[in-house]
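A quick write-up on the structure given underneath.
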Amino acid sequence: MTSLDDRVRPTVTTGPIQGSHKVYVDGPDGVRIPMRRVELTNGEHLDLYDTSGPYTDDTAVVDVQSGLSKLRESWVAERQPVNGAVTQLAYAKAGIITKEMAFCAAREGVDPEFVRSEVAIGRAVIPVNRKHPESEPAIIGKKFLVKINANMGNSAVSSSIEEEVDKMVWAARWGADTIMDLSTGKRIHETREWILRNSPVPIGTVPMYQALEKVGGDPTKLNWEIYRDTVIEQCEQGVDYMTVHAGVLLRYVPLTAKRVTGIVSRGGSIMAAWCLAHHTESFLYTHFEELCDILREYDVTFSLGDGLRPGSIADANDAAQFAELRTLGELTHIARAKDVQVMIEGPGHVPMHKIVENVRLEEELCGEAPFYTLGPLATDIAPAYDHITSAIGAAQIAWAGTAMLCYVTPKEHLGLPNRDDVKVGVITYKIAAHSADLAKGHPKAQERDDALSKARFEFRWTDQFNLSLDPDTARSFHDETLPAEPAKTAHFCSMCGPKFCSMRITQDVRKYAEEHNLSSVDAIEAGMAEMSAEFQAHGKQVYLPVV
Ligand code: MP5
């Protein structure tokens, strides 16, 4: 029996990304790791990290009405609690390598013991609610590949369950490592159920949004009991991590009074309104230990929200932002002592010269808990291009040690993203994350760049497309001007034409060197000497008469 309403009929994209197919590689402890294999025309292949789930497996039967198969069901059922807890953190502290840890290790190409030790000290998290057995575990921490999150969810103005399920599958297809369902409109519970039962990646939420809906949208009517019951409801459904804005304290609210953009976090502004209306400390803060006890039962990870993040360049790194960060640090240590996994959310809008300070402070105050930032946007002047303004900041903050980047789509500040915006956001953030992996010297990151560059230099156009983050768009751009099949092996494209292709000219130089048994430098010199002799032979004239 499925819990999904059969009147809802989503259609999702299935089948492999062009030029690749799903393979499963054997990992430690009997786990099988899904990978995306790109077959190259020179007989080689490259296996890529794959977040897309069974949807890209040609042999899998996809039925969204019944949901994905429950990969982790037996893993969860087989194990006993340690010290009364069932969290990855508790197991890691006890020296136990779980199947989830083994799975993450194989995905990242590292030793399982390394995964365990990073989780044990809280520098990495594996967000895996026991009640979300469909998900394929992923590890978030600065010693691992930089991850990206894609936000979705409806609003009171726009979207349906069908659209949100489609966007979820679509985002995972293009590389989203986690997805947040930030629905604030109608049918929040049902939308989330559909997403959870069909998502191959961990799902995050902000429970406050649904709690607010339960009290008719009036923040002053909220209370701990309604919030707590909403959290339990979402834990039961299988949400893997939850944003909790527990660092917005009553005394911090006045610190935002002179800001250019005030409080831009939805959760943050709701809590500030509640604290002011009741002139009482936030119930998220005063009940934090109880909240830990709930999350611990399910192994739900905290994503401690940055309710006071800067929403403009002018407000970056101000007193309100850093006061909250200090409180998030205090809460991190409380949660960890209770064996609950923790990530810390970060900004926002920050100019480039103020980015690194954010990471250093977060690491110091929050004991290196994985940092999870929203961009940041490096400038405020480009609405409609904020996937780019934010990817500039995201690449830098990831390089400095941020573990997960929350994407920003071209619709940011303007409207709810559609399917096309979701893809642009995901690809843009894969660029930022991968650039940081390269700069951090992740051992396997450069393999893909090298394979693509080699294909480019050797005019293996199809391989160049297939190795790219977005093969469909790369191919269609090329084919816009040179659609014929022979152009797929031609030694030029329409950018420069046949005579001006630098790569072809370089190849000619190399060929010349080989034929004349010379090194490249010798070949250039020999070639110049040959040209010089020709020049002399023609009477040293720069311009020769046309014959
Ligand atoms: C939110 C968000 C919700 N947009 N992105 C992440 C990574 N977490 C949470 O935002 P808000 O505005 O703080 O409620």
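For the salt bridge (charged side-chain N to carboxylate O under 4.0 Å, His left out) test, residues two or more places apart in sequence or in another chain that qualify with D50 are K22. Partners of K143 according to the salt bridge (charged side-chain N to carboxylate O under 4.0 Å, His left out) rule, which considers only residues two or more places apart in sequence or in another chain, do not exist here. Partners of R309 according to the side chain to side chain donor-acceptor pair (under 3.5 Å) rule, which considers only residues two or more places apart in sequence or in another chain, are D306. Qualifying side chain to side chain donor-acceptor pair (under 3.5 Å) partners for D386, counting only residues two or more places apart in sequence or in other chains: T389, H413. Listed by chain and residue number, E100 satisfy the salt bridge (charged side-chain N to carboxylate O under 4.0 Å, His left out) test with R79 (two or more places apart in sequence, or in another chain). Taking K221 as the reference, D218 meet the side chain to side chain donor-acceptor pair (under 3.5 Å) condition, with sequence neighbours excluded. By the salt bridge (charged side-chain N to carboxylate O under 4.0 Å, His left out) test, E289 pairs with K338, sequence neighbours left out.
Here ring pair (Phe, Tyr, Trp, His ring centres under 6.0 Å) pairs that include residues 221-240, with residues two or more places apart or in two chains, are W224-H287, Y227-F283. Residue pairs satisfying the side chain to side chain donor-acceptor pair (under 3.5 Å) criterion with at least one member in residues 129-140, sequence neighbours excluded, are listed as follows: K70-E134, K131-E236, H132-D240, E134-R197. Pairs passing the salt bridge (Lys or Arg N to Asp or Glu O under 4.0 Å) check and including a residue from residues 422-437, sequence neighbours excluded, read K423-D470. Counting only residues at least two apart or in different chains, side chain to side chain donor-acceptor pair (under 3.5 Å) contacts with residues 394-404 are absent. Within the structure, ring pair (Phe, Tyr, Trp, His ring centres under 6.0 Å) contacts touching residues 181-205 (residues at least two apart or in different chains) do not occur.
For the atom pair SG (C104) and CG (L145), the distance works out to 11.0 Å, reported to the nearest 0.5 Å. A distance of 5.5 Å separates CG of L295 from CE of M242, quoted to the nearest 0.5 Å. Interatomic distance, CD of Q341 versus CZ of F302, reported as 11.5 Å (0.5 Å rounding).
A donor and an acceptor atom, one from each side chain of S390 and Y407, are nowhere located under 3.5 Å apart. Judged by distance alone, the side chains of N149 and T178 do bring a donor and an acceptor atom under 3.5 Å apart.
The only option from L304, I344, L284 that meets the side-chain contact (heavy atoms from CB on, under 4.5 Å) definition with L331 turns out to be L304.
Side-chain atoms of W174 and D472, non-hydrogen and from C-beta on, do get closer than 4.5 Å to each other. Taking the side chain as every heavy atom from C-beta outward, T205 and M180 never approach each other to under 4.5 Å. E297 is not listed as a side-chain neighbour of V86, based on a closest heavy-atom distance of 4.5 Å or more. Using a 4.5 Å heavy-atom cutoff, the side chains of I33 and Y24 are not in contact. Annotation: side chain of V248 is in contact with side chain of L308 (closest heavy-atom distance under 4.5 Å). When side chains are defined from C-beta on, T301 counts as touching M343, because their heavy atoms get closer than 4.5 Å.
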Candidate pair I139 and V119, rule side-chain contact (heavy atoms from CB on, under 4.5 Å), full reasoning: CA-CA 9 Å; I139 188 158; V119 173; 4.0 Å; yes

Passes side-chain contact (heavy atoms from CB on, under 4.5 Å), E362 versus L325? Steps please. CA-CA 7 Å; E362 188 272 345; L325 187 59; 4.2 Å; yes

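Ion pairing between a basic and an acidic side chain is recognised when a charged N comes within 4.0 Å of a carboxylate O; D181 and R192 show no such pairing. Of the charged side-chain nitrogens involved, at least one lies within less than 4.0 Å of a carboxylate oxygen, so that E363 and K142 count as a salt-bridged pair. Between K167 and E164 there is a salt bridge, since a side-chain N of the basic residue sits under 4.0 Å from a carboxylate O of the acidic one.
Taking a 6.0 Å sphere around CD of E113, one finds it holds more than 12 heavy atoms contributed by other residues, nucleotides or ligands.
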